[in-house]
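Notes follow the structure.
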Amino acid sequence: MTTSTTHIPPIRSQVRDAITRAWERAIAAGSLPALPSDAEPVEVEVARPSHPEHGDLSTNLAMKLARPYRRSPLAIAGVLAEELALSGPGEEGGPLIAEAVAAAPGFVNVRLTDGALERSIDAILAAPQAWGRVTTQRPERVDVEFVSANPTGPLHIGNARGAFVGDLLCRVLEAGGHTVTREYYFNDFGGQIRQLGSSVAAHRAGTPPPEDGYRGAYVADLAAAMPEEVWQSASGLGADREWIVGTWASEEVRAGIEASLARLGVRFDRWTTEGSIHRDAWVDRAIGRLNEGGHLYEADGALWFRSTAFGDDKDRVVRRSNGELTYFGSDIGYLVEKFSRGFDRLIYVWGADHHGTVARLRNAAVAMGFDRDAVEVMLIAWVRFVRDGREISMSKRSGEFITLDELLEEIGVDAARWFFASRGHTSGIDFDIELAKKQSSENPVYYVQYAHARIASIVRKAREAGLSAASSVAGGLAGAPEAALAREVVRLPEVVEDAVAAGETQGVTAFATDLATAFHAFYRDARVVDSDEPERSRRRLALAEATRITLANALGLLGISAPDSM
RNA sequence: GUCCCCGUAGCUCAGUGGACAGAGCAGCCGCCUUCUAAGCGGCCGGUCGCAGGUUCGAAUCCUGCCGGGGACGCCA
């Protein structure tokens, strides 16, 4: 596939640059003073006004300058607007700003030229793959660890949010120019594996299940699926039965988890076991590094990390008095192992119940000589699953839980992805399965997909009529329906920029909804396929195609399909 | 008791320093001989939990309180 790597700069940054230059010119011309050297630097901010009559973009620069300049914001805005109106061609060749006006209490409102919009639309058509990818001044190698559920049972719906949010974060980082490794970490040697082994073995042997064992239906399935030779070797004289069965069963479960995640559209680059971190001496290295810095001490037979020296409220045990590592002990080894792979940043996507362990992890990172800010933890609030007003337990041991696969059957991947992509990760959510099922048919995701399918249908109709899209929309955005749609289409790069900065996708779903609305209005007001007006028709087709690409790329960023028909 | 998150329309949620606070769903009224009605137009709906404070400007930042959830282990 030949794809251009051309990046189209967001119009918002073009305008920001133009305002910065206008400000500098005003200073050079003496119509505005230079910023006092002791004043705090003022950043030029450009935002979309909430009311269309205020123009396409606006800046609050004059209001921020009012205090250091000791002049009225409106007067400063007047100078900036005047200087902006005199702006020469933008960097992309051709005038950018059609009109700049000062407005109370001190905004400068900017209206874009049709030419600026046309250049952006043409660039989409020339390089559809690149549209919506943004450049970063400092691309990073980022490791994102998420899900990381131990393979003692299938993923349940409680794991869904972390899986989607982690994957969405990865997609956003990639769209922002970063290189991402998706990583899954799990325990392959602890007591949980033995517990699973004894549960499965009891089923196979027909003896009562152990107390505190796993009880879900999957345990019976595993017992039935276990090959005879595994069972034979586990049942041999002196054989470590629960270990042999547990090891076999957990790998079986892990493979099932991988398959479930694949159905969600989530794939991992790397599966790391706690055992390998231990075996490959990463924990020893971590302990060595901490020891060198004098951050460890022994007490009551256990090995402690002096986390309080970094502001934690208590010190933390690395190795228990029985010689076994704590979870935290493995974690610091894993931290060293991750950094050894050359990452600039490690992101952990954890359930909010782990918030108490964040401080010790970052403290240990600092103690071992890493940058505190290079270790980030994204805490995902819980989803409370409810059916008919009753909360559903998520315990694998009780056996009463809904698997991820069952959830997908009920509401579908695209609707589930949209659900989590459109909400922040910090607030707790009540997820009523029956309500979700009922609402899935009227989920906004279908509204957006429908707009995409509608355009695809128009393109097919056009082809039948012998019409093809123009390669440029130049001169074609003068009509009101065209201009309104184009103004929405060109926003994608800035939406992605904001998503990258926030690590969140709510802005993308909101934008996709707005763009779908804009297209449906265009569809109502402007006939695209019209053999009597072939040139206008060809330009409208080009604009429709640019809209389709934008919808597809926005949905693609969220891992949601963009169907050609519905 | 200490710490973290949340509280915005009937419901589910966006908006986290800017201009008259938004969307979807629910409710009510209208629109299919014309490129997909999974659509379009209109109406209804808000003390942004409460009280102070900072600011030219606060849903957004700070403090306190109220309400909901979570965490405080040599568990994972």
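It should be emphasised that the depicted structure is a prediction, and the values quoted were computed from it without experimental measurement. Residue numbering restarts at 1 for every chain, and letters A, B, ... go by the order of the sequence lines.
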Heavy atoms only, 4.0 Å cut-off, all strands: where does [X] land among base, sugar-phosphate and nothing?
X: A:A526; result: base
X: A:E53; result: base
X: A:G424; result: sugar-phosphate
X: A:N60; result: base
X: A:S457; result: base
X: A:D564; result: base
X: A:R319; result: nothing
X: A:L379; result: nothing
X: A:N187; result: sugar-phosphate
X: A:D525; result: nothing
X: A:S321; result: base
X: A:Y327; result: base

Does [N] have a Watson-Crick or wobble mate here (both distances under 3.5 Å), and if so which one?
N: B:C31; answer: B:G39
N: B:U55; answer: none
N: B:A19; answer: none
N: B:C65; answer: B:G49
N: B:C25; answer: B:G10
N: B:G1; answer: B:C72

Do the rings of [X] and [Y] sit parallel, tilted or perpendicular, given the 30° and 60° boundaries?
X: A:H51; Y: A:H54; value: perpendicular
X: A:F305; Y: A:F328; value: tilted
X: A:Y184; Y: A:F186; value: perpendicular

When rounded to the nearest Å, what value does the distance between [atom1] atoms of [N] and [M] take?
N: B:U33; M: B:A59; atom1: C1'; value: 50 Å
N: B:C6; M: B:G42; atom1: P; value: 35 Å
N: B:C3; M: B:G49; atom1: P; value: 22 Å
N: B:C61; M: B:G18; atom1: C1'; value: 14 Å
N: B:C66; M: B:A51; atom1: P; value: 15 Å
N: B:G53; M: B:G17; atom1: P; value: 23 Å
N: B:G15; M: B:C5; atom1: P; value: 16 Å
N: B:A58; M: B:G46; atom1: P; value: 22 Å

**Request:** Answer yes or no: are there more than 12 heavy-atom neighbours, outside A:R319 itself, under 6.0 Å from its atom CZ?
**Result:** no
**Request:** Please check if atom CD in A:E53 has more than 12 non-hydrogen atoms from other residues, nucleotides or ligands closer than 6.0 Å.
**Result:**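 Result for CD/A:E53: enclosed.
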**Prompt:** If you draw the axis of the six-membered ring of A:Y523, does the NZ or CZ of A:R454 fall within 45° of it and under 6.0 Å from the ring centre?
**Reply:** yes
**Asked** With a cut-off of under 6.0 Å to the ring centre and 45° to the axis, is A:R423 in cation-pi contact with A:F419?
**Response** yes
**Residue met sooner reading RNA chain B from 5', once A:A453 and A:V317 are mapped to nucleotides** =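 Residue closer to the 5' terminus by nearest nucleotide: A:A453.
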**Request:** Could you check A:T517 against A:Y450 and say which one's nearest nucleotide on RNA chain B is further toward the 5' end?
**Result:**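 With A:T517 and A:Y450 compared, the 5'-side residue is A:Y450.
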**Asked** Is the backbone N or O of A:Y214 less than 3.5 Å from a side-chain atom of A:Q195, with the two atoms forming a donor-acceptor pair by type?
**Response** no
**Prompt:** How would you give the extent of chain A contacts on RNA chain B, as first and last nucleotide 5' to 3' within a 4.0 Å heavy-atom cut-off?
**Reply:** B:C3 to B:A76
**Request:** Would you name the heavy atoms of A:P68 and A:P36 that are closest together and state the gap between them?
**Result:**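 Between these two residues, the closest heavy atoms are O-CG, 4.2 Å.
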**Prompt:** Does B:C32 sit syn or anti, given that only angles within 90° of 0 count as syn?
**Reply:**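 This nucleotide is in syn.
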